[in-house]
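Taking it in order: structure first as structure tokens, then the write-up.
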Amino acid sequence: MIDDVYNARILEFAGNIPRIGRLADADASATAHSRLCGSTVTIDLKVEDGLVSDFAHEVKACALGQASSSVMARHIVGSTPDELRRVREAMRAMLKENAAPPEGRFEDLKYLEPVRDHKARHASTMLTFDAVVEALDKIEAERRGEAA
């Protein structure tokens with residue numbers, strides 16, 4: 001059973017995480033933490049012309065948190081905020097409601113589907129998505145404030 005969760009693709013993603021580090025000129029940063037396992041993901045995000053233009057992250061997480069962060073880092077640049085919110089919702093639904101995994105540029109998240117049977121691992125798998133949406137919310141709130 002545990003072999004399904006820690007399959008070869010998840011371990012490959014976890015061992016090869018792109019965009020590690022921090023952005024000096026981020027539009028927003030956010031940190032998500034799982035109290036259950038102690039995993040933490042901190043992300044930096046830049047959004048220009050309605051698209052993510054840059055991304056970096058520090059990942060101090062288990063293999064599942066590392067794998068989801070790795071997939072995020074591979075595909076986030078060029079994404080719209082709405083697309084990223086939909087991906088977070090699709091991941092939540094995949095884990096909690098047995099829904100289909102995300103499609104399109106984030107289809108590699110399908111390899112995390114076995115995590116649905118391990119509720120204690122849901123939080124660490126969702127860290128990167130929660131942090132990204134929090135950063136997007138901060139950017140949008142700041143830009144609304146500037147326009148007022």
Side-chain angles (χ1 to χ4, degrees), residues 1-140:
M1 179 163 54
I2 205 79
D3 289 341
D4 291 339
V5 174
Y6 296 101
N7 62 57
R9 289 294 288 170
I10 287 175
L11 295 176
E12 179 184 325
F13 287 129
N16 297 290
I17 305 172
R19 297 183 168 274
I20 293 289
R22 301 297 305 266
L23 297 179
D25 59 345
D27 293 329
S29 300
T31 298
H33 177 75
S34 170
R35 290 181 303 215
L36 185 62
C37 68
S39 293
T40 302
V41 173
T42 299
I43 68 102
D44 295 319
L45 197 59
K46 284 187 69 65
V47 175
E48 294 176 17
D49 300 324
L51 299 174
V52 173
S53 60
D54 206 357
F55 173 85
H57 54 174
E58 289 183 341
V59 181
K60 295 179 175 122
C62 65
L64 299 173
Q66 291 173 9
S68 60
S69 293
S70 180
V71 173
M72 177 66 76
R74 292 165 196 266
H75 303 291
I76 189 170
V77 173
S79 298
T80 67
D82 287 343
E83 178 182 11
L84 293 166
R85 286 186 173 92
R86 285 192 305 271
V87 166
R88 180 175 94 165
E89 179 54 29
M91 279 299 292
R92 188 200 62 72
M94 179 185 84
L95 294 175
K96 300 198 180 294
E97 300 168 6
N98 294 326
E103 297 177 342
R105 77 170 78 204
F106 290 97
E107 73 178 301
D108 284 341
L109 293 168
K110 68 186 176 191
Y111 295 107
L112 289 159
E113 204 167 358
V115 177
R116 77 165 41 124
D117 296 328
H118 304 277
K119 289 185 181 195
R121 302 290 186 245
H122 291 185
S124 61
T125 303
M126 291 298 298
L127 290 173
T128 191
F129 306 99
D130 294 340
V132 165
V133 169
E134 181 182 337
L136 289 169
D137 290 346
K138 288 179 180 179
I139 292 168
E140 290 172 0

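Given the structure is predicted, the values throughout are model-derived calculations rather than measurements. Only this structure's heavy atoms are used, side chains among them; waters, hydrogens and symmetry mates stay out.
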* To do: Would you mind reporting whether Ser68 and Met126 have side-chain heavy atoms less than 4.5 Å apart?
  => no
* To do: Please check if atom CD in Glu140 has more than 12 non-hydrogen atoms from other residues, nucleotides or ligands closer than 6.0 Å.
  => yes
* Structure fact -> Per side-chain contact (heavy atoms from CB on, under 4.5 Å), Leu112 is matched among Leu64, Leu95, Asn7 by Leu64
* **Sub-4.5 Å side-chain heavy-atom contact between Arg88 and Val132** => no
* Asked: What residues, two or more places apart in sequence or in another chain, satisfy side chain to side chain contact (heavy atoms under 4.5 Å, CB included) together with Asn98?
  -> Arg116
* How would you list all residue pairs meeting side-chain hydrogen bond (donor to acceptor under 3.5 Å, both in side chains) that involve residues 10-19, not counting sequence neighbours? -> Arg9-Glu12, Arg19-Asp54
* To do: First locate atom OG1 of Thr128, then atom CZ of Phe55, and finally report the distance between them rounded to the nearest 0.5 Å.
  => 4.5 Å
* Structure fact -> When every non-hydrogen atom of Leu51 is compared with those of Gly78, the smallest separation belongs to CD2-O, 3.4 Å
* Heavy-atom distance under 4.5 Å between the side chains of Ile43 and Ile76, does that happen here? -> no
* Which pair of non-hydrogen atoms, one from Leu84 and one from Val133, has the smallest distance, and what is that distance? -> O-CG2, 4.4 Å
* Asked: Hey, are the side chains of Ile17 and Met72 touching, using non-hydrogen atoms and a 4.5 Å cut-off?
  -> no
* Looking at residues at least two apart in the chain, or sitting in another chain, which of them share a side chain to side chain contact (heavy atoms under 4.5 Å, CB included) with Val47? -> Asp27, Leu45, Val52, Leu136, Ile139, Arg143
* Is a salt bridge present between Glu89 and Arg92, judged by a nitrogen-to-oxygen distance below 4.0 Å? -> yes
* **CE on Met91 to NZ on Lys96, rounded to 0.5 Å** => 11.0 Å
* **Glu58: partners by side-chain hydrogen bond (donor to acceptor under 3.5 Å, both in side chains), with sequence neighbours left out** => none
* Structure fact -> Distance col, row His57:NE2 vs Asp44:CG, nearest 0.5 angstrom, shows 10.0 Å
* Residue list, ring pair (Phe, Tyr, Trp, His ring centres under 6.0 Å) with His75, at least two apart or on another chain -> Phe106
* Has the side chain of Ser39 got a donor or acceptor atom that lies under 3.5 Å from a matching backbone atom of Cys62? -> yes
* Rounded to the nearest 0.5 Å, what separation is found between the OG1 atom of Thr125 and the CG atom of Leu109? -> 10.0 Å
* Distance (rounded to the nearest 0.5 Å) between Arg22 CZ and Asp25 CG -> 12.0 Å
* Structure fact -> For Ala73 and Pro18 the tightest heavy-atom approach is CB-O, 3.4 Å
* For Ser29 and Lys138, which heavy atoms make the closest approach, and how far apart are they? -> O-NZ, 2.7 Å
* What pair of heavy atoms forms the shortest contact from His118 to His122, and how long is it? -> O-CD2, 3.4 Å
* Asked: Which heavy atom in Ala135 sits nearest to a heavy atom in Ala28, and how many Å separate them?
  -> O-CB, 3.5 Å
* **Qualifying residues under side-chain hydrogen bond (donor to acceptor under 3.5 Å, both in side chains), relative to Thr80, sequence neighbours excluded** => none
